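So the structure is just underneath, and the comments pick up after that.
Just so you know, residue 1 is the first one in the sequence shown, and it goes up from there. Because the structure is a prediction, the values reported are computed rather than measured. No hydrogens, no waters, no symmetry mates; every other heavy atom, side chains included, goes into these values.
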Amino acid sequence: MPRPGRSGANEDPAAALGAAADLLAVLHARGQDGVEPAVSPSQLRALLAVEGAEGVNLRTLGEVLGSRPPSVTRLCDRLEAMGLLIRSPHPSRRREVEVRLTPQGRALLEERRAIRVRELSAVLGRMAPEAVDALVAGLEAFREAAAGPYPAAGPPADAGPSAAPATVPDSA
């Protein structure tokens, strides 16, 4: 629903945020082609999930990624073959496997973050300081709202199934 009085000539805030998310995806992808080894978005998501929960087991990783066990196993096979993560038996639960990043996996995530910061800083540098301050305040409020539970009624009916708040990694 459009909101009068907002910049953007009555632009719907959800539509404006969606457009910004699309632009962020483009900025995030820009310059990633030169990063080796090349990883797919799903592989990157898995690496970030493992980074956030070192020693995670495959079942939990699958739940975080919303993937079935065979898919998680194949994904880990590929990442392990690339030298980005390592699977090992849990020290006390023999049937459980832990997943951890390798130093190469950590370096890849750090390099991707550096590229993202460079791209975002270039855009922020073209904005007025007060606009950057307003953006930061708005993003902090958005993040707090997204991290909180929905009211008892759940997400808005017109929001669709993808409206459930996702866990937002601190440094993804």
Side-chain angles (χ1 to χ4, degrees), residues 1-36 38-56 60-67 75 79 84-85 99-101 103-172:
M1 163 186 312
R3 296 214 180 157
R6 293 203 180 262
S7 60
N10 300 328
E11 188 171 13
D12 176 4
L17 185 58
D22 290 343
L23 178 58
L24 284 170
V26 169
L27 290 174
H28 183 71
R30 190 181 294 167
Q32 300 295 332
D33 293 337
V35 177
E36 289 295 328
V39 294
S40 70
S42 62
Q43 291 170 332
L44 180 60
R45 221 173 120 226
L47 291 172
L48 290 168
V50 171
E51 180 188 45
E54 277 292 323
V56 67
T60 302
L61 180 59
E63 290 170 2
V64 169
L65 299 175
S67 297
L75 179 63
L79 291 171
L84 301 175
L85 64 78
V99 183
R100 297 183 183 281
L101 291 179
Q104 184 180 354
R106 288 187 193 290
L108 179 123
L109 292 177
E110 288 174 18
E111 184 177 7
R112 286 186 168 252
R113 285 188 182 102
I115 291 168
R116 183 178 61 221
V117 166
R118 183 187 69 225
E119 293 296 329
L120 293 173
S121 293
V123 173
L124 292 171
R126 293 191 299 267
M127 293 173 61
E130 57 275 4
V132 172
D133 291 342
L135 175 64
V136 169
L139 289 172
E140 287 172 356
F142 178 83
R143 188 170 179 173
E144 287 176 21
Y150 278 110
D158 63 340
S162 63
T167 303
V168 181
D170 288 333
S171 58

Straight-line distance of [X] [atom1] to [Y] [atom2], nearest 0.5 Å:
| X | Y | atom1 | atom2 | answer |
| --- | --- | --- | --- | --- |
| Leu24 | Arg116 | CG | CZ | 10.0 Å |
| Leu47 | Gln43 | CG | CD | 7.5 Å |
| Ser40 | Leu79 | OG | CG | 7.5 Å |

Next item on the list: Begin with the C-alpha distance, continue with both residues' side-chain angles, and end with the deciding distance and a verdict on side-chain contact (heavy atoms from CB on, under 4.5 Å) for Val26 and Asp22.
Entry: CA-CA 6 Å; Val26 169; Asp22 290 343; 5.9 Å; no
Next item on the list: Determine whether Leu124 and Leu135 make a side-chain contact, defined as any pair of heavy atoms from C-beta on separated by less than 4.5 Å.
Entry: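 When only atoms from C-beta onward are counted, Leu135 and Leu124 do touch, with a gap below 4.5 Å.
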Item checked: Electrostatic pair Arg113-Glu51, nearest N-O below 4.0 angstrom -> yes
Identify, with sequence neighbours excluded, every residue that meets side chain to side chain contact (heavy atoms under 4.5 Å, CB included) alongside [X].
| X | answer |
| --- | --- |
| Val123 | Leu27, Arg126 |
| Leu65 | Arg45, Ala46, Ala49, Leu61, Ser67, Leu75 |
| Gln104 | Pro37, Leu84, Thr102 |

Next item on the list: Show your working on side-chain contact (heavy atoms from CB on, under 4.5 Å) between Leu109 and Leu101 and close with a plain yes or no.
Entry: CA-CA 10 Å; Leu109 292 177; Leu101 291 179; 3.8 Å; yes
